[in-house]
Amino acid sequence: MITPQNDHDVQTAVDLIADRLASPGQARTWNLTHGWWPQSLANGAVGVALLHIERARIGLASWQRAHDWLACAAAGGAVGGPDSHPFYGVPALTFALHAAATGWPDRYARALETLDKHLAATVQARLAAAHARIDRGEPPALAEFDAIRGLSGMAALLMCREVHTDLARQVIAYLVRLTEPIKDGEELLPGWWSALSPSGAPSTDFPRGHGNNGMAHGIAGPLAALSLATFHGITAPGQSKAIERICSWLDRWQQQGLAGPWWPYWITREQLRTGDPGIGPSRPSWCYGAAGIARAQQLAALALGDTARQHMAEDTLLRAVTDPGQLDQTTDASLCHGFAGLVHLTQLAAADAINPGLAQALPHLLQRLVPAGPQVLADSLLAPPQGAAAIGLLEGAAGIAMALHSMQEGTSAVWNACLLIN
């Protein structure tokens with residue numbers, strides 16, 4: 001149960017953050033941690049617009065704030081083509097305008113029609129390149145398929161937009177193909193094995209590439225996308241098998257620690273040969289940790305009707321968010337890798353859960369997120385002593401406020417879709 005004090009602190013924190021982010025003109029003058037990126041869902045105006053859209057949608061704020069931030073994001077013309085991705089440019093703006101259209105449909109219809117055309121062209125070009133790469137027998141870059149920059153994130157957006165159902169099905173078919181094993185000499189590798197490092201660049205630390213397990217940049221993202229597509233009735237041949245193939249990989253690398261299961265962030269070629277997972281567990285974040293992977297596996301279990309996997313996933317998440325050792329490795333409030341992400345994942349997982357303990361863990365997590373009260377939280381994000389502010393969705397104030405808002409008011413499908421968690 002959320003206590004009255006928690007409840008009051010949550011609402012106050014959201015109000016404070018939203019009010020400080022009322023004006024894009026004011027925010028543009030601040031010293032921003034990630035710089036000024038209007039078309040960024042991760043760090044810029046698009047993410048802030050989503051916060052105001054969520055509040056306006058249920059009558060907590062005026063639509064004018066949302067419109068001002070959307071206008072700011074689109075002022076320079078939408079960035080499309082190969083420079084765009086789910087968290088930047090045309091796809092990011094489409095996410096936000098689609099969310100706004102759920103509450104103010106007539107205002108953005110023409111803009112969405114234009115964005116949809118550019119989005120479709122971008123996705124079709126990406127799919128053609130991805131299939132050609134597979135045909136050549138080359139390994140993928142993470143940005144081809146991941147949740148942040150790749151086709152898994154695109155799938156989430158396409159599933160939101162009913163006009164793109166056929167294109168969404170094509171992306172799902174590609175993700176199925178991505179999971180098919182490939183041979184490199186005498187070794188069999190998963191189809192998502194990248195020849196690059198986790199940063200997306202060549203590195204002597206990853207001389208023969210790696211297999212990435214995370215939600216943001218690894219195979220947990222495609223797992224979530226395939227599972228969510230099943231719920232939407234968007235299917236392709238071999239989809240259930242692809243989900244099972246990814247789950248088998250995660251089962252192979254699941255480690256049993258004193259505080260519950262965990263997974264290495266990634267696997268090198270040497271680790272693949274030796275079976276050594278490395279040192280862990282690390283922080284249980286959305287982007288790479290046990291919490292994000294557990295939610296992806298819970299979604300997979302629900303898609304497959306696999307009760308045993310659902311129990312495992314929920315127990316893993318519960319142990320991750322109640323273990324002091326893992327929580328102590330979480331050092332910030334962000335949605336991406338901090339306490340806001342853990343709060344939001346736990347809330348969503350609890351709504352689908354067999355295990356009642358997830359809902360019971362929320363008050364303690366909220367205390368970790370707002371330990372010194374809402375004013376201190378808002379100041380730490382938007383008026384820090386060092387003079388830098390983080391406004392965006394993934395690592396800034398908008399995302400933290402969104403997670404807290406969802407605790408109070410429930411949540412819409414659109415902003416959860418961009419994280420591949422609901």
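In what follows, residues are counted from 1 in the order of the sequence shown.
- Comment: Glu54 engages Arg57 in a salt bridge, judged by a side-chain N to carboxylate O separation of less than 4.0 angstrom.
- Distance alone, capped at 3.5 Å, places no donor-acceptor pair between the His34 side chain and the Gly396 backbone.
- Across every non-hydrogen atom of Leu175 and Ala225, the tightest pair is CD1-CB, 3.9 Å.
- Tyr265 and His217 form no side-chain donor-acceptor contact under 3.5 Å, judged by distance and modelled atom types alone.
- Atom-to-atom distance recorded for Gln326:CD and Gln329:CD is 7.0 Å, nearest 0.5 angstrom.
- A donor-acceptor contact closer than 3.5 angstrom is absent between the side chains of His52 and Asp68.
- Defined by atom type and a distance below 3.5 Å, a donor-acceptor pair is present between the side-chain atoms of His164 and Asp116.
- In plain terms, the two heavy atoms of Leu196 and His210 that are nearest each other are O-ND1, 2.8 Å.
- Here Trp249 and Trp192 bring their ring centres to under 6.0 angstrom of each other.
- Side chains of Asp83 and Tyr88: a donor-acceptor N/O pair is absent below 3.5 angstrom, by distance only.
- In this structure a side-chain-to-backbone donor-acceptor pair under 3.5 Å is missing from Ser40 to Trp37.
- Between the side chain of Trp266 and the backbone N or O of Gly214, no donor-acceptor pair lies under 3.5 Å.
- Arg245 and Thr179 share a side-chain donor-acceptor pair at under 3.5 Å.
- For Arg110, the CZ atom counts as loosely surrounded, since its 6.0 Å shell holds 12 or fewer non-hydrogen atoms of other residues, nucleotides or ligands.
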Problem set entry | Steps toward side chain to side chain contact (heavy atoms under 4.5 Å, CB included) verdict (Val10, Val370) | CA-CA 8 Å; Val10 166; Val370 195; 5.5 Å; no

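- Between the Glu314 side chain and the Ile354 main chain, a donor and an acceptor come within less than 3.5 Å of each other.
- Aromatic pair Phe95/Trp415: ring centres not closer than 6.0 Å.
- Side-chain contact check for Asp15 and Gln11: at least one donor-acceptor pair (N or O, by modelled atom type) lies under 3.5 Å.
- Note on Arg269 versus Asp184: salt bridge recorded, some NZ/NE/NH1/NH2 to OD/OE distance being below 4.0 Å.
- In this model, no donor atom of one side chain and acceptor atom of the other lie less than 3.5 Å apart for Ser406 and Gln347.
- Between the side chain of Asp379 and the backbone N or O of Ala383 there is no donor-acceptor pair closer than 3.5 Å.
- Around atom CZ of Arg28, no more than 12 heavy atoms belonging to other residues, nucleotides or ligands sit under 6.0 Å away.
- A salt bridge is defined here as a Lys NZ or Arg NE, NH1 or NH2 lying under 4.0 Å from an Asp or Glu carboxylate O, and Arg126 with Glu144 fails to meet this definition.
- Using a distance-only test at 3.5 Å, with no hydrogens or angles considered, no donor-acceptor pair links the side chain of Trp262 to the main chain of Gln254.
- Ring geometry, Tyr174 versus His131: the interplanar angle exceeds 60°, so the pair is classed perpendicular (tilted spans 30 to 60°).
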For this session: I would like to know whether Met407 and Leu366 meet side chain to side chain contact (heavy atoms under 4.5 Å, CB included); could you show each step before the answer?
Result: CA-CA 10 Å; Met407 290 297 303; Leu366 278 172; 3.9 Å; yes

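- A donor-acceptor contact shorter than 3.5 Å is absent between the side chain of Gln298 and the backbone of His311.
- Between the side chain of Thr330 and the backbone N or O of Arg283, no donor-acceptor pair lies under 3.5 Å.
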Problem set entry | Derivation and outcome, side chain to side chain contact (heavy atoms under 4.5 Å, CB included), residues Ile246 and Leu226 | CA-CA 10 Å; Ile246 299 170; Leu226 288 162; 3.9 Å; yes

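- Side-chain N/O atoms of Arg309 and Gln297 include a donor and acceptor closer than 3.5 Å.
- Shown here are the ring pair (Phe, Tyr, Trp, His ring centres under 6.0 Å) partners of Phe339, two or more places apart in sequence or in another chain: there are none.
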Problem set entry | Criterion side chain to side chain contact (heavy atoms under 4.5 Å, CB included) on Leu365 and Leu327, from CA distance to verdict | CA-CA 9 Å; Leu365 280 176; Leu327 292 179; 4.2 Å; yes

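- Judged by distance alone, with hydrogens and angles left aside, the side-chain atoms of Arg295 form a donor-acceptor pair with the main-chain N or O of Ile421 at under 3.5 Å.
- Under the 3.5 Å distance criterion, the side-chain polar atoms of Arg149 are left unmatched by any main-chain donor or acceptor of His85.
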